[in-house]
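Shown next, in structure tokens, is the structure this report addresses.
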There are 2 protein chains.
Amino acid sequence: MGTPGSWSNRYLLRVVQKLAGDVPVRMAEDGPGKRPVGGPLQPSVVIRNPRVLPAMVLTPEIGFCDGYSQEQIEVEGDLVRVLEAAYRPARSAMTNVLSRWLDWAQANTLRGSRRNIHHHYDLSNDFYRLWLDREMVYTCAYFPHEDCTLEEAQAAKMDLVCRKLWLRPEETVVEAGCGWGALALHMARHYGVRVKAFNISHEQIVYARERAKREGLSSRVEFIEDDFRNISGRFDAFVSVGMLEHLGKANYAEFGRVIRRTIGDCGRGLLHFIGRNYPRPFSVWIRKRIFPGAYAPSLHEAMNVFEPQDLSVLHVENLRAHYAKTLEHWLARFEQSYQAVAERFGPVFARGWRLYLAGSIAAFRVGGLQLFQVVFAGRKCAAQPWTWSNLYAAETEPPAEEQTQRWIRATS
Amino acid sequence: MGTPGSWSNRYLLRVVQKLAGDVPVRMAEDGPGKRPVGGPLQPSVVIRNPRVLPAMVLTPEIGFCDGYSQEQIEVEGDLVRVLEAAYRPARSAMTNVLSRWLDWAQANTLRGSRRNIHHHYDLSNDFYRLWLDREMVYTCAYFPHEDCTLEEAQAAKMDLVCRKLWLRPEETVVEAGCGWGALALHMARHYGVRVKAFNISHEQIVYARERAKREGLSSRVEFIEDDFRNISGRFDAFVSVGMLEHLGKANYAEFGRVIRRTIGDCGRGLLHFIGRNYPRPFSVWIRKRIFPGAYAPSLHEAMNVFEPQDLSVLHVENLRAHYAKTLEHWLARFEQSYQAVAERFGPVFARGWRLYLAGSIAAFRVGGLQLFQVVFAGRKCAAQPWTWSNLYAAETEPPAEEQTQRWIRATS
């Protein structure tokens, strides 16, 4: 590689600087960064080991992210701001090759999905408990007001989903990809519905079943460790929050068939997923290290779920700013637990996850990623809400828990 | 053709009955339809002249609609209910050929658009005045409550559009396809914005300009008789209500380029258009007799306006049920003025328009047509609403007209 200040390294550094745009990149040997008079340190990228430079040129994203994880790259100043400033779909030829290879290697077949989901969600419940809210909701929250707590915002998101589905007591709901079960339990407790919730993450299902038992909701919520493709039976509503991203666009048509089979002509449903303004592959580094098999569709692509099934799209809301804020809460909690994470999983893992959370904040802030909630219904779905005014009317007064609780006791 | 009761006619009638599904079809000679004991007449189709039968088999839609217009076919019972029951995408091979031919013959080039729009919108302002609301709004209204008057619902629609665009005083708005100018004037009067409104219908532009002058808004609203493709300049917001349907999907990419050129990275906009659950051509009869060049896109197709321009979709609402209700109001007023229409334009025209209005009610009721409002923004659009709760909060208290009026007087 030559010495840090060698001709070849200086050349590579210039190329990397070009890719990084306005964010200054320098070798650690060059001394500390410039500090504007009276201001904070100017955000910059510091290369501590020149061995990362070739990778940063060949596959910029992986080179930077792996280098950062392995402490060969440091970021001075606000990590999120640096990632925002550097955010762009910079893809080299090598990145594209790698991207194609990941498409193939991480395909979400029945078996592939199990492997991909296990990689991320079975890390350990204790890990997620360190930085998620107490209900363990690992999807975009909804902040009726910007200064809500994360706990309030996750409850508000679950209520928003339930109101968008105009759930009524004793209706049946199927959930595809239920995480640790918070939404399924929330729907049963507050809206009086009966839920079958599917998930292929073993750790999550075990956790969800225990929680349902503890909270006396096992008779109303059934947690099933199986792929959504094996859902059978007919339900009034279909809901899936944060699963479409793990499906891969090759499976949208099949997803649509499962939805249609499940709700028929008369049901309705909601999908909540990370999306894009226009089609492009997910970050290769995220797919390699964090979320194997992930793909965030544009609405154009997502319509391939609904249109072949003659499902009507009733309502779409983009909650991108809410995901940036959710991730800010997660990152703040993650930093508070940083030592615990680093001790248990090692510093490379801890730094990688910090980067993933910070990078996601940046992507949602600058619009590289979007968050769509899509409400849809079969053609003969009766009794749709006349307007959506009830979505927000309820924000000031949360669902009358006592009332539905009483109701559940009377019927279960 | 043979006598009404000939073998060939009886055969054709059987084919027509098959196409009509559950709605009984009979020859006028067969005597009156059956009346269930104590009930109203069962809705049915009565063939008064067997010469319409071959056309009803070859191109079912045109055969039925032209036959009805020309009084060779009658409908007993509720016309809308009959059309609802018979509603399905019945397309013969001949219909498909005709559909392709219309695609070509009615293409919305600069010149073609002028011809197509002239056909429909330049019929005469007096004609539309007979059955539209007093502001002459010829697009789907929004009924905050089902029993609103048409006048209230059209005002509510215009407010809904303005709130979705979070308009602020002194901002600039460009409107593509402004009809008789009601929305442009409403935005200027109630929201204090400056508007340039484009339309290629000469009759409508003359009317709108006169109204602006009469209402003292000429300094804030400029009505321009030109194609949207010739819009120049930069605006804070882009709005188009009921124009995408007249564009043809071949022109969506260009429409997107015009929008992006107009609002840049920082603006926002709203499209309001008739759509579909999945792609299919517009009714051939409607295109032949009522709306040349019309096409209602699925959301998948409509995304071709936004995605190539990196525009973020922020909000989509399907107002299908509101369009059915709007059309019910229009049809009721049309029936009240039926004699006046028939005297001035002839009975074939009057019956054709009755059928078009009734058929549209049926299509929106059973879900053959949808009505989408899509809000979008450039990637750097600042100060987007944090939630959409203000969309409905304002429904109980309409915009403080006095206040903005005072504001306009002070600045114009």
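So that the names make sense, note that chain A is the first sequence line, chain B the second, and so on, each numbered from 1.
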Legend entry - Rounded distance (nearest 0.5 Å) linking atom NE2 of A:His300 with atom CG of B:Leu299: 11.5 Å
Legend entry - Min side-chain heavy-atom separation B:Val316-A:His315 under 4.5 Å: no
Legend entry - Distance flag, aromatic centroids of B:His145 and A:Trp386, threshold under 6.0 Å: no
Legend entry - Over all atoms of both residues, closest heavy-atom pair of B:Glu307 and A:Asn277: CG-O, 3.2 Å
Inset, instruction - Measure B:Leu311 against the heavy atoms of chain A and call it side chain, backbone, both or neither at under 4.5 Å. - result: backbone
Legend entry - Nearest heavy atoms of A:Pro144 and B:Thr387, plus distance in Å: O-CG2, 3.8 Å
Inset, instruction - Write down the atom of B:Arg379, the atom of A:Gly368, and the distance for their closest heavy-atom approach. - result: NH1-N, 3.4 Å
Inset, instruction - Side-chain contact test, heavy atoms from C-beta onward, threshold under 4.5 Å: evaluate it for A:Met303 versus B:Ser298 and give yes or no. - result: no
Legend entry - Interface residue of largest heavy-atom contact number with chain B, from A:Phe306, A:Trp388, A:Phe372, under 4.5 Å: A:Trp388
Legend entry - Which of A:Gln370, A:Lys380, A:His322 touches chain B most, by non-hydrogen pairs under 4.5 Å: A:His322
Inset, instruction - Below 4.5 Å from any heavy atom of chain A, which atoms of B:Gln373 appear? Answer side chain, backbone, both or neither. - result: neither
